[in-house]
Amino acid sequence: MNFVEELRWRGMIHDIMPGTEEQLQEEMTTAYVGIDPTADSLHIGHLVSIMMLKHLQMAGHKPLALVGGATGMIGDPSGKSEERNLLSEEVLRHNVEAIKKQLLKFLDFEHGENKAEIVNNYDWMKEFSFLGFLREVGKHLTVNYMMAKDSVKKRLDTGLSFTEFSYQLVQAYDYLHLNTTKNCKLQMGGSDQWGNITSGTELIRRKTGGEAFALTCPLITKADGGKFGKTEQGNIWLDARYTSPYHFYQFWLNCSDEDTERYIKIFSLFSREEIESMIAEHRQAPHTRLLQKALAKDITVRVHGEEEYNTAIEASEILFGKGTTETLKKLPENVLLAVFEGVPMFEVSKAEIETGINIIDFLGEKTSITQSKSEARRMLKEGSISINKEKVSEDLVVSSDHLINNHHILVQRGKKNYFLVQAR
RNA sequence: GGGGGGAUUCCAGAGCGGUCAAAUGGGGCAGACUGUAAAUCUGUUGGCUAAGCCUUCGGAGGUUCGAAUCCUCCUCCCCCCA
């Protein structure tokens, strides 16, 4: 199965420029996707692009990951972009390094002619003078052409700065640059990038007469209309410092059935046969969530490793399984901390706990488990607060009896919100 | 330049002198159900030293025993006529 066919059955093609498939059949082709290095970690939204590169590489082509040191500073008008902050070179270098480390988990940067590479457009944009840019790039695309892009049109009535308007030129130039220096003939990205990408192919055509192609994948959506990859806590990051492996695992486990059928094709490398049989099996017994588990495992292992995956499972079992106060109290401290890594932590003085703290003060004042004492009272009345997995009422006094291993108290607000209170 | 309408608690949107911490819907949070789901149903949704008190209805003053509600000025939005 060739690259395009592979993406097609996985539902990863939104738009493809005529001739792209032929180009890929003809020779080993270099292709790139752009990533904004706005943080020192990727989040799962980036994963789609990365999977495109992965499939590309597996099909024998050469993937480039372009980190947009330059473009990241400008802000793409097609995003819901506010004006972006300029990143310092130092931060940028740090982010690029961190991102590269994460990419290593997905792409092969070492072996073969088609080993992956990282390029940074800041390297070729930083010395480019404004006049030089106007003469070399600006000359070749008309404003009329640029204005016709959806990303620009949509902003015309609310207004967009010249800087943002120019974004597509900068991105187009990247493509041209990679085309001439690295013989890169394909740019991929999310469907919102189509306009920017075709500006690039157009620039290449006009400037060098060469051919270049475009391929975009659909925007990942959720069946309920929500935004993919976001939770109340924010983005799902690949870096364990930002999203613990447990939360990462939970994110995938909690996807709806409908979404998971699409996601597993996009985010896992299971073969078509494997996926189809899993989907069929899952539909037989949806409550076992076989599909979610398979996807969550596949991707958690790839991102965080087998060991972290196992801890995540263990944690899930304690939190959602038959875990009781007894099992909790038996848990060694290091396991407890690993399980609850990433859950919000509060510190309360041990002396106060030994004296005894009224539950309402404990929730609303000593910690921010509830936002106010009123909320604490309400929650207690609703029976939504548990301590060490046991529901508690308004008259409880938190004391040293509640300490696990002599320094922790596990508090739940509702079913899914866990807090760890540390006595010190 | 002239005329008119509006700004309300997270959002939309009622209220137009006391009974208003403010209807209703959405959203949020929680409970039941369940698959750690969806749908549904229920409760809840300013704060506190809690049958009481305090701070909220664009801003500043004023009238009144009492104001989100009336008056004056200011700021910002919208509409109509030139």
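Throughout, protein chains are lettered first and strands after them, A, B, ... in sequence-line order, and every chain is numbered starting at 1. Keep in mind that this is a model prediction, so the values were computed, not measured.
Using a 30° and 60° split on the angle between ring planes, A:Y175 and A:Y32 fall in the perpendicular class, above 60°.
Checked by distance alone, A:E382 brings a side-chain donor or acceptor within 3.5 Å of a matching partner on the base of B:G43.
A:R289 comes within contact range of at least one nucleobase, with a heavy-atom separation under 4.0 Å. Residue A:S316 is in base contact, counting any heavy-atom pair closer than 4.0 Å across all strands shown. Within the 4.0 angstrom heavy-atom criterion, base atoms lie near A:Q292. Contacts of A:Q250 with the nucleic acid, taken as non-hydrogen atoms under 4.0 Å apart, include base atoms.
For A:S384, the side-chain atoms get nearest to B:A30 when compared with the rest of B:U36, B:G35, B:A30.
For the ring-ring contact (aromatic ring centres under 6.0 Å, His included) with A:H304, the lone residue among A:F248, A:Y246, A:Y249 that qualifies is A:F248.
Residue A:S374 places at least one side-chain N or O under 4.0 Å from the OP1 or OP2 atom of B:C48. Checking the phosphate oxygens (OP1, OP2) of B:U49, a side-chain nitrogen or oxygen of A:R377 falls inside 4.0 Å. One finds no side-chain N or O of A:N254 lying less than 4.0 angstrom from the OP1 or OP2 phosphate oxygen of B:A38. OP1 and OP2 of B:A50 both lie 4.0 Å or more from every side-chain N or O belonging to A:K381. At the phosphate of B:U49, OP1 or OP2 sits under 4.0 Å from a side-chain N or O atom of A:K373.
Across all strands shown, the partner of B:G1 is B:C81, judged by Watson-Crick or G-U wobble contacts whose two distances both fall under 3.5 Å.
Nucleotides B:A82 and B:C73 are separated by 28 Å at their C1' atoms, to the nearest Å. B:C54 and B:G58 have their C1' atoms separated by 22 Å, with the value rounded to a whole Å. B:G17 and B:A7 have their P atoms separated by 15 Å, given to the nearest Å.
A salt bridge does not link A:E258 with A:R262: every distance from a Lys NZ or Arg NE/NH1/NH2 to an Asp or Glu carboxylate oxygen is 4.0 Å or more.
Under 3.5 Å, the side chains of A:N196 and A:Q193 contain a donor-acceptor pair of N or O atoms.
Here the NE2 atom belonging to A:H408 is positioned 9.5 Å from the CG atom belonging to A:L403, to the nearest 0.5 angstrom.
If A:S372 and A:K415 are placed on RNA chain B by their nearest nucleotide, the residue sitting closer to the 5' end is A:K415.
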